[in-house]
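As C-alpha cells, the structure follows; a few thoughts come after it.
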Amino acid sequence: MEMTFSIIKPDGVRRNLVGSILGMMESAGLRIVTTKMIHMSRREAEQFYAVHKERPFFGELVEFMCSGPVVVSALEAPNAVVKYRELMGATDPKKADKGTIRAVHALSIGENTVHGSDSKENAAIELGFFFSGTELVNRAG
Ligand code: CMP
C-alpha cells in the first residue's frame, strides 16, 4: 500500500466540485484516508510550493492557492502516486486525457483544479506538511 497527497484547488472548491472530485478518486480505487478544508496563508502556500520559487509563475501560483479554501486529502492505493497522477491528467488541461479530472474540470494551466504528489518521497513530505500521523484515520493496509 502507498499513500499520496491531493489538493482540490480554490477553483474546484469555488465551483462546488468537491463531492464529484472526491467521488472520482474513490471510483478510481483511491481510498480517502483523511480529508479537510483549509484556507492556506500566503506563507504556507510559499512554503508548500518552495521548489517552484524561481519559476516565472511562482507569484501567480501562490496568489491563486491562497485566494480561497482548498481541500487537502491523503489517498491510499497500490501505486497511489502514479494512480492519482493518471486520474488527474496532464498539468495543462488542453493536454489532459479524456475523462481525467483536469480534462473534465480544469480551467487553465494555473487554475487546474487539483494537485497531486509527483513521487513517493514528495508525497511523504507533502502529507507531513498538512497532516499529523493521528489524522490518517482511514488506512486499509
Ligand atoms: P501543481 O501540480 O499544483 O504544481 C505546480 C503548479 O504550478 C501546477 O500544478 C500549475 O497549476 C501551476 N502553474 C501555473 N503556471 C504554470 C506553467 N506555465 N507551467 C507549469 N505549471 C504552472
Side-chain angles (χ1 to χ4, degrees), residues 1-133 135-141:
M1 271 302 174
E2 187 174 297
M3 271 199 286
T4 192
F5 172 74
S6 161
I7 306 179
I8 303 177
K9 297 187 180 187
D11 67 292
V13 176
R14 204 173 279 138
R15 289 179 291 145
N16 270 353
L17 296 172
V18 173
S20 36
I21 293 170
L22 293 177
M24 288 171 87
M25 295 168 184
E26 290 186 325
S27 297
L30 290 153
R31 181 181 189 87
I32 299 170
V33 173
T34 194
T35 190
K36 62 188 174 186
M37 192 177 286
I38 59 164
H39 193 148
M40 269 191 246
S41 66
R42 178 178 301 269
R43 181 182 287 263
E44 284 170 327
E46 282 170 355
Q47 281 174 1
F48 181 77
Y49 279 117
V51 288
H52 295 304
K53 67 175 183 293
E54 305 305 331
R55 304 278 200 99
F57 56 82
F58 182 68
E60 196 184 312
L61 174 61
V62 166
E63 196 65 40
F64 172 56
M65 291 303 290
C66 60
S67 69
V70 300
V71 171
V72 290
S73 310
L75 307 175
E76 186 184 55
N79 295 313
V81 169
V82 168
K83 199 185 235 317
Y84 186 47
R85 290 187 74 76
E86 285 173 2
L87 178 66
M88 288 193 298
T91 305
D92 180 351
K94 287 192 230 105
K95 296 179 186 154
D97 288 342
K98 233 178 153 185
T100 60
I101 296 172
R102 285 167 172 160
V104 174
H105 292 303
L107 303 171
S108 64
I109 196 163
E111 300 203 13
N112 64 352
T113 316
V114 280
H115 164 84
S117 309
D118 62 5
S119 66
K120 278 207 271 190
E121 294 68 31
N122 284 337
I125 294 168
E126 294 177 356
L127 286 165
F129 192 86
F130 288 106
F131 297 112
S132 63
E135 288 178 279
L136 303 175
V137 286
N138 191 33
R139 296 194 71 171

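Worth saying up front: this structure is predicted, and the values here are computed from it rather than measured. Excluded from the calculations below are hydrogen atoms, water molecules and symmetry mates; all remaining heavy atoms, backbone and side chain alike, are included. Note that ligands are numbered from 1 as they come in the structure, with each ligand's atoms numbered from 1 the same way.
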Inset, instruction - Please determine, by modelled atom types, if S67 and R14 share a side-chain donor-acceptor pair under 3.5 angstrom. - result: yes
Legend entry - ligand 1: protein residues within heavy-atom distance under 4.0 Å: K9, Y49, H52, F57, L61, T91, R102, I109, G110, N112, H115
Inset, instruction - State plainly whether the residues R42 and E63 are in salt-bridge range, i.e. N to O under 4.0 Å. - result: yes
Legend entry - Validation row: F129, F5 side chains within 4.5 angstrom (heavy atoms): no
Legend entry - Over 12 foreign heavy atoms within 6.0 Å of NZ, K95: no
Legend entry - Any side-chain donor near an acceptor of the partner, T34 and E135, under 3.5 Å: no
Inset, instruction - Decide, yes or no, whether a salt bridge links R31 with E26 under the criterion of side-chain N to carboxylate O below 4.0 Å. - result: no
